[in-house]
Amino acid sequence: VARENTGSGRRFMNEHQPPELDQLLVRTSIRVGDERYLVHIPASWHSGDEDGLLEILTDLRLPEDPALQAFLALPDVSVGVDDLMENFHEAFAGTYPNEEAALRALSPLEEWENNFADWCIDQGIDFDALEWNYEPLMARLRDIYDIVEQKGQLHAFIK
């Protein structure tokens, strides 16, 4: 796994002891319908487990759920847990068309804008003369949420 760089990078184990295969996640691509999807499976699984997974993902209608696809692509999400959908629903924070929409929904951006507008009025500065730099705000948001960009949309998950 380490040699082929197919591990998920999961770091919940003691680095001084040999890894437990059921805790080590291996990045793999699995075909569901006509497309392939990136998932992370326990290293202890064998091909029979993967066949069962295909049936589960088909039942979950994975091809029709971009947010679930994004969730399963996260490196610390094991597709082999029993409560996969419960974990998904607990972590899912929303799907957004762009960074600004994600910031508006997941941070106090609107409150900051209002405070800034008040400051501009107090200082006699035209609000439109200044622009927000969303990059550091998105970096901060990524500290709180896993943000996965897929097909022009941002999917956010609580870390």
Side-chain angles (χ1 to χ4, degrees), residues 1-17 19-32 35-45 53 56-57 60-120 125 127-159:
V1 169
R3 182 181 64 238
E4 296 176 12
N5 194 28
T6 58
S8 66
R10 192 176 198 190
R11 302 274 184 248
F12 299 122
M13 297 174 276
N14 184 338
E15 64 188 46
H16 302 291
Q17 295 181 347
E20 295 180 31
L21 289 181
D22 61 334
Q23 292 182 1
L24 183 64
L25 296 179
V26 179
R27 184 178 61 243
T28 189
S29 174
I30 189 163
R31 180 178 292 281
V32 179
E35 295 200 35
R36 300 193 74 77
Y37 301 95
L38 182 66
V39 297
H40 295 88
I41 61 172
S44 60
W45 276 22
L53 173 62
I56 290 169
L57 295 178
L60 292 177
R61 303 175 78 145
L62 181 65
E64 299 165 25
D65 193 341
L68 181 59
Q69 295 167 24
F71 180 69
L72 295 179
L74 291 171
D76 60 343
V77 172
S78 173
V79 75
V81 296
D82 292 331
D83 53 355
L84 178 64
M85 289 309 292
E86 183 177 323
N87 292 347
F88 168 72
H89 290 295
E90 286 177 2
F92 183 60
T95 297
Y96 307 97
N98 54 46
E99 290 182 347
E100 183 178 348
L103 281 166
R104 289 193 182 286
L106 302 173
S107 77
L109 179 61
E110 191 169 323
E111 180 182 338
W112 296 336
E113 287 176 331
N114 291 336
N115 291 341
F116 183 62
D118 291 342
W119 181 85
C120 286
I125 298 172
F127 181 78
D128 293 331
L130 304 173
E131 290 184 25
W132 284 91
N133 181 359
Y134 292 127
E135 191 173 323
L137 299 176
M138 277 305 294
R140 189 171 181 189
L141 194 67
R142 289 178 195 279
D143 289 339
I144 301 167
Y145 297 92
D146 285 317
I147 308 287
V148 178
E149 186 172 351
Q150 280 187 331
K151 299 177 183 173
Q153 292 186 314
L154 300 176
H155 305 280
F157 303 95
I158 299 168
K159 286 187 175 188

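Val77 is not listed as a side-chain neighbour of Asp146, based on a closest heavy-atom distance of 4.5 Å or more. Residues Val148 and Leu154 have side chains not in contact (no heavy-atom distance under 4.5 Å, counting atoms from C-beta outward). Between Ile41 and Ile30 there is no side-chain heavy-atom pair separated by less than 4.5 Å. The shortest distance between side-chain heavy atoms of Leu68 and Met85 falls below 4.5 Å.
Atom CG of Leu38 is separated from atom OG1 of Thr28 by 8.0 Å, given to the nearest 0.5 angstrom. For the atom pair OH of Tyr145 and CD1 of Ile158, the computed distance is 5.5 Å after rounding to the nearest 0.5 Å.
Every side-chain hydrogen bond (donor to acceptor under 3.5 Å, both in side chains) that Arg36 has, sequence neighbours left out, goes to Ser29. In this structure Lys151 satisfies the side-chain contact (heavy atoms from CB on, under 4.5 Å) test together with Glu35, Gln69, sequence neighbours excluded. Asp128 is linked by a side-chain contact (heavy atoms from CB on, under 4.5 Å) to Asp126, counting only residues two or more places apart in sequence or in another chain. A search for side-chain hydrogen bond (donor to acceptor under 3.5 Å, both in side chains) contacts involving Asp83 returns Asn87, not counting sequence neighbours. Residues passing the ring pair (Phe, Tyr, Trp, His ring centres under 6.0 Å) test with Phe157, sequence neighbours excluded: Phe71, Phe92. Residues meeting the side-chain contact (heavy atoms from CB on, under 4.5 Å) test with Pro66, sequence neighbours left out: His155. Every side-chain contact (heavy atoms from CB on, under 4.5 Å) that Arg61 has, sequence neighbours left out, goes to Glu64.
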Name every donor-acceptor pair, under 3.5 Å, that has one atom in a side chain of residues 132-141 and the other anywhere in the protein, sequence neighbours excluded.
unit_1, atom_1, unit_2, atom_2, d
Asn133, OD1, Glu135, N, 3.2

Under 3.5 Å, side-chain donor or acceptor atoms of residues 100-112 against the rest of the protein: list the pairs with distances, not counting sequence neighbours.
unit_1, atom_1, unit_2, atom_2, d
Glu100, OE2, Arg104, NE, 3.2
Glu100, OE2, Arg104, NH2, 3.0
Arg104, NH1, Glu113, OE1, 2.7
Arg104, NH2, Glu113, OE1, 3.3
Arg104, NH2, Glu113, OE2, 2.9
Ser107, OG, Leu103, O, 2.6
Ser107, OG, Leu109, N, 3.4

Exercise for the section: Could you check Leu25 against Val79 for side-chain contact (heavy atoms from CB on, under 4.5 Å), going step by step and ending with a plain yes or no? Expected result: CA-CA 9 Å; Leu25 296 179; Val79 75; over 6 Å; no
Handout entry: CA sep, side-chain torsions, deciding dist, call: Phe88, Leu72, side-chain contact (heavy atoms from CB on, under 4.5 Å)
Key = CA-CA 9 Å; Phe88 168 72; Leu72 295 179; over 6 Å; no
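A side-chain donor-acceptor contact under 3.5 Å links Lys159 to the backbone of Arg142.
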